[in-house]
Peer 1: 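Okay, here's the structure, questions in a sec.
Atoms considered below: every heavy atom in the structure, side chains included; atoms not considered: hydrogens, waters and symmetry mates. Reminder, nothing fancy here: chain letters follow the sequence lines and each chain counts from 1.
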Number of protein chains: 2
Amino acid sequence: MAAGAELFRRNGYAGTGLKQIVSEAGAPFGSLYHFFPGGKEQLGEEVIRTSGLAYIALFDLFIVPADDVVSGIEAFFAAGIATLEATDYVEGCPIATVALEVASTNEPLRKATADVFTAWIDAGTERFARFGLGREAARTLTITAVNNLEGAFVLCRSLRDTEAMAVAGAATVDVARRLLQEHTEL
Amino acid sequence: MAAGAELFRRNGYAGTGLKQIVSEAGAPFGSLYHFFPGGKEQLGEEVIRTSGLAYIALFDLFIVPADDVVSGIEAFFAAGIATLEATDYVEGCPIATVALEVASTNEPLRKATADVFTAWIDAGTERFARFGLGREAARTLTITAVNNLEGAFVLCRSLRDTEAMAVAGAATVDVARRLLQEHTEL
DNA sequence: GTCTATAACATGATAGAC
DNA sequence: GTCTATCATGTTATAGAC
C-alpha cells in the first residue's frame, strides 16, 4: 500500500493504474483483490486516510518542540522547502492531488479527504492552543497554515521554484503575529 | 474546447476521456483530431493556456476598481466564496487540479501551467503596484493571494465549506497591511 | 473536408487453476 | 488461500467511407 500512496500522490487517482501499483509493489495482481475486495476505490480510500493521518506527525515534529509559535511556523515551512528541493518537486501534499480530482466526482473518496483535513485542523488547533492562543484563534491559524502550505505546493511544483513556499511561511507568520496580539492574555 | 475546459477542471486531465469531451461538445469524434492533431496533449495544453489566461481578468474586475488594496483583496476573496456556493463547490481554480496531476508526469503540460501562474503573478504585481506598493512588495502580495486562493480551494472543495476561503482572505489582508506599512512612502 | 467505424492498447475486475 | 490467465469495457488514435 506504500507503493499506492507514492503513485497516487505523483500521478493522481485516475492517472494511476492498479497494474502499475502491484508491479511497483512487487505483488501479484490477484492478491490486491484479496486484501482490497472493494477494488481501486477501497485502496484509494485507505491510502488517503493512512498517508493523510501520518502527516499529523509534522505538527508534533515542528510546532510542538518550538520555543514559540512564530519559530515553529518558520521551521514548518522551512521543512516544506527542504522537501521540495530534496525530492525535485515531486513530493508535496500526500492527498491534495487526489482531493481536487475526487472533490466533485467520487463522494466516498471526497469524504475521506475531508476527514483527513478535518483531523489536520483539529490537531493543529490543539497544538497551537498550547502556546496560549484561544481556541478560535488557534483554529484560524491552523487553517491559514494549511491554506498557505497547499497553495504553495501547487505553485512550487508547477513553477519548480521554492519562492512561493517562502512567501507562504511569511504570510502565516504575519497572521500568527496578528492573532497573538489580539488574543493572548498579556 | 469550452467543454474540455469544464471537464478537465472537474475530472482532471487523466480522468477526462476524449469521447466524453466530444460528446459533451456535441461534436463528432474525428473533428477533434482535425483541430488538434496533437491529440489529447495538445487539447490539454490549449485548455490550460486559454482558461488560465482568462482568469487574469479577475484582477481587473476586483482589484483595479477598488478604493484601496485591502478592500480590493476583500472583494476578490468574497467572489471566491460566492463562486464556490453558486456552483456547489465544483468550480475552483481552472487549472489547479491539472497542475498537480501533471507537475511530475508531463513536462509540456507542466510548462503550460507554469506559464499561466507566471502570467498571473506578473499581472497581479503590476495591478497591486498601482496602489503605491514597491515592485517586490507587490509581487510578494500577489503570490500570497494566489497561495491562499489555491489552498483554500483545496480545503473548501474537499470540506464543502467556505470557512477556509474566508480565512484565506483575512490572511492576505494581514500581509497587505504589513507590506503597506513597510514599503509605502508616507 | 466531415465524420463513422475500427484498430491497438490499457484499464478494472474475476474466474478458476494450482 | 495464491496467483495466473482472461473478460468486458473504455481509452487514444487512425483509417477510410461519404
Peer 1: Show your working on side chain to side chain contact (heavy atoms under 4.5 Å, CB included) between Leu18(B) and Phe29(B) and close with a plain yes or no.
Peer 2: CA-CA 8 Å; Leu18(B) 293 183; Phe29(B) 195 81; 4.2 Å; yes
Peer 1: Closest nucleotide of DNA chain C for Gly30(A) versus for Gly15(A): which of these residues is on the 5' side?
Peer 2: Gly15(A)
Peer 1: Whole-Å distance between dT11(D) P and Leu7(B) CG?
Peer 2: 12 Å
Peer 1: Rounding to a whole Å, what distance do you find between Asn11(B):CG and dT11(D):P?
Peer 2: 11 Å
Peer 1: Looking just at side-chain N and O atoms, do Gln20(B) and Glu24(B) make a donor-acceptor pair shorter than 3.5 Å?
Peer 2: no
Peer 1: What integer distance in Å separates Leu32(A):CG from dA13(C):C1'?
Peer 2: 10 Å
Peer 1: Return the CG to OG1 distance between Asp174(B) and Thr172(A), rounded to the nearest 0.5 Å.
Peer 2: 10.5 Å
Peer 1: From the set dA13(C), dT11(C), dT14(D), return the single nucleotide nearest to any side-chain atom of Phe29(A).
Peer 2: dA13(C)
Peer 1: Does the pair Lys111(B)/Glu107(B) count as a salt bridge with the N-to-O cut at 4.0 Å?
Peer 2: no
Peer 1: Asn106(A) CG to dG12(C) C1': how many Å, rounded?
Peer 2: 14 Å
Peer 1: Where the side chain of Ser31(A) is concerned, which of dA13(C), dC3(D), dT14(D) is the nearest nucleotide?
Peer 2: dC3(D)
Peer 1: Counting only side-chain heavy atoms from C-beta out, which of dT2(C), dT14(C), dT2(D) sits nearest to His34(B)?
Peer 2: dT2(C)
Peer 1: Please state whether the phosphate of dT11(C), meaning OP1 or OP2, lies under 4.0 angstrom from any side-chain nitrogen or oxygen of Lys19(A).
Peer 2: no
Peer 1: Expressed as a whole number of angstroms, how long is the span from Leu18(A):CG to dG12(C):P?
Peer 2: 4 Å
Peer 1: Rounded to the Å, how far apart are Glu41(A) CD and dG12(C) C1'?
Peer 2: 12 Å
Peer 1: Counting heavy atoms from C-beta on, name the nucleotide in dT11(D), dT14(C), dT4(C) closest to the side chain of Pro28(B).
Peer 2: dT4(C)
Peer 1: How do Pro37(A) and Gln20(A) order along DNA chain C: which one's closest nucleotide is nearer the 5' end?
Peer 2: Gln20(A)
Peer 1: Taking CG from Leu43(A) and P from dG12(C), how many angstroms apart are they, rounded to a whole number?
Peer 2: 10 Å
Peer 1: Would you say that more than 12 heavy atoms from the other residues, nucleotides or ligands in this model lie under 6.0 Å from the CZ of Arg135(A), or not?
Peer 2: no
Peer 1: I need the CZ-P distance between Phe35(A) and dT2(D), as an integer number of Å.
Peer 2: 6 Å
